[in-house]
Amino acid sequence: MGRNSKQPLEGASLPEALRRVAARWAQETGIPAVVAVTGEPVPLHPEAEVTLLRAVQEALANVCKHAQARRVSVTLSYMEDQVTLDVQDDGVGFDPSAATEGFGLAAMRQRVEQLGGSVAVESAPGHGTTVAVMLPLHPS
Amino acid sequence: MIRLLIAEDHPVVRDGLRGMLAGQPDLQVVGEAADGAAAVALAAELAPDVILMDLRMPVLDGVAAIRQIRARQPAAAILVLTTYDTDSDILPAIEAGATGYLLKDAPREELYRAIRATSRGETVLAPAVAARLLGKMRAPAEEKLSARELEVLSLVARGASNAEIAQALHISEATVKSHLLHIFGKLGVADRAAAVTAAV
């Protein structure tokens, strides 16, 4: 039974799951989290979707721990051959060249790279932080 | 010693798991649940280090059980065992608080490794569709620019740098670059100046 023959459960799509995770996180932390989805959402392999959902959970947990942010943006961008997830905060930022990678981020990077993707962390002191996860799309 | 709870409604699978795990000196099955409700109760009673969780179970399904366990025991380590890696319940299970998932036909060494990793708080994912994913891009793109690509291109046309575009759209510069590469590819141009010219 091919994965394309199976309809995903109602409410089980990655954009919907991301929205719920972000909404719950915003409620718990009191920090607004804005979710945007661009491009044409297509179902990914569950392993890719799980990886992205875990990445959001970890990135948001890091924002809560370190960033002192007033706002967070979560953007899922579907492109023809890849999907990217950006979690951007407007918090205190840090110097990426001076910081060592925490366990959560290193683990996230390892999972993403196993799927042929990449993780980038863009930050500067005083200028917030953006965690960017890129995964290639599987052939349709 | 890693203390395990097995939540699985099929007795044969349960017995098989217990048998496999019995040979590992550092793993100990301390409880077995045949449905989700029993799993929630036993998780509270036994506080196991790792919970092996089936998704399709009577009374209370795996996703609902995970949610309840997670609500009461935030630190619980829950490894989902599923039959299909295309199971549409996997994502809801992770969302509900499962730490990772593994296929039931995984080799036993992989199961042991996954349990130990889960007990350390690591995320475990069934391996390697990676080979399928790697290097296999989809067919060449349509030539039409997407709404987001038009948005990026209009910012480029106004002279915005990648950093400025990233800031305006609340995305990373890495993602801006990806959009630009797609725009260049679709327009058949090599740089941003040519892209703006081609799009006018």
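A note on names: the letters A, B, ... follow the listed sequences, proteins ahead of strands, and every chain is numbered from 1. Keep in mind the model is a prediction, meaning the values are calculated, not measured.
For the atom pair B/Ile94 CD1 and A/Leu52 CG, the distance stands at 12.5 Å (nearest 0.5 Å). Considering NZ of B/Lys177 and CE of A/Met134, their distance stands at 12.5 Å, rounded to 0.5 Å.
Residues B/His170 and A/Arg71 meet the side-chain proximity criterion, which asks for heavy atoms closer than 4.5 Å. The side-chain heavy atoms of B/Tyr101 and A/Glu47, taken from C-beta on, include a pair separated by under 4.5 Å. At a threshold of 4.5 Å between non-hydrogen side-chain atoms, the residues B/His182 and A/Gln82 count as touching.
With a threshold of 4.5 angstrom between heavy atoms, B/Ser146 does not approach chain A through any atom at all. Using a 4.5 Å cut-off between heavy atoms, B/Ala166 contacts chain A through its backbone alone, with no side-chain atom that close. For A/Leu14, the parts lying under 4.5 angstrom from a heavy atom of chain B are both the backbone and the side chain. Contacts between A/Gln57 and chain B at a heavy-atom distance below 4.5 Å involve the side chain alone, from C-beta outward. In this structure, no portion of B/Ala147 lies under 4.5 Å from any heavy atom of chain A. For B/Glu149, the part lying under 4.5 angstrom from a heavy atom of chain A is the side chain only.
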Please lay out, stage by stage, how B/Thr175 and A/Ser77 fare under the test side chain to side chain donor-acceptor pair (under 3.5 Å). CA-CA 8 Å; B/Thr175 296; A/Ser77 307; 5.4 Å; no
If you apply the rule side-chain contact (heavy atoms from CB on, under 4.5 Å), what do you find for B/Ser172 with A/Gln88, and how did you get there? CA-CA 7 Å; B/Ser172 61; A/Gln88 183 175 77; over 6 Å; no
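For A/Ala26, the side chain to side chain contact (heavy atoms under 4.5 Å, CB included) criterion is met by A/Ala33, not counting sequence neighbours.
We find that B/Lys186 and A/Glu80 are joined by a salt bridge, their nearest charged nitrogen and carboxylate oxygen being less than 4.0 Å apart.
Linking Ile, Leu, Val, Met, Phe, Trp and Tyr whenever their side-chain heavy atoms come within less than 4.5 Å leaves B/Leu52 and B/Val59 in two separate clusters. Hydrophobic clustering keeps A/Trp25 apart from A/Val34 (ILVMFWY residues linked when any side-chain heavy atoms are closer than 4.5 Å, directly or through intermediates). By the rule that hydrophobic residues join a cluster once side-chain heavy atoms approach within less than 4.5 Å of another member, A/Val92 and A/Phe94 end up as members of separate clusters.
Counting non-hydrogen atoms of other residues, nucleotides and ligands closer than 6.0 Å to CD of B/Gln167 gives a total of 12 or fewer. Within a 6.0 Å radius of CD in A/Gln68, no more than 12 heavy atoms belonging to other residues, nucleotides or ligands are found.
The shortest non-hydrogen separation linking A/Arg54 to B/Ala98 is NH1-O, 4.4 Å. Between A/Asp86 and B/Ile171, the closest heavy-atom pair is OD2-CB, 3.3 Å.
For residues 89-100 of chain A, the pairs satisfying salt bridge (charged side-chain N to carboxylate O under 4.0 Å, His left out) are A/Arg70-A/Asp90, with sequence neighbours left out.
Taking A/Glu122, A/Gln110, A/Arg24 one by one and counting their heavy-atom pairs under 4.5 Å with chain B, the maximum is reached by A/Glu122.
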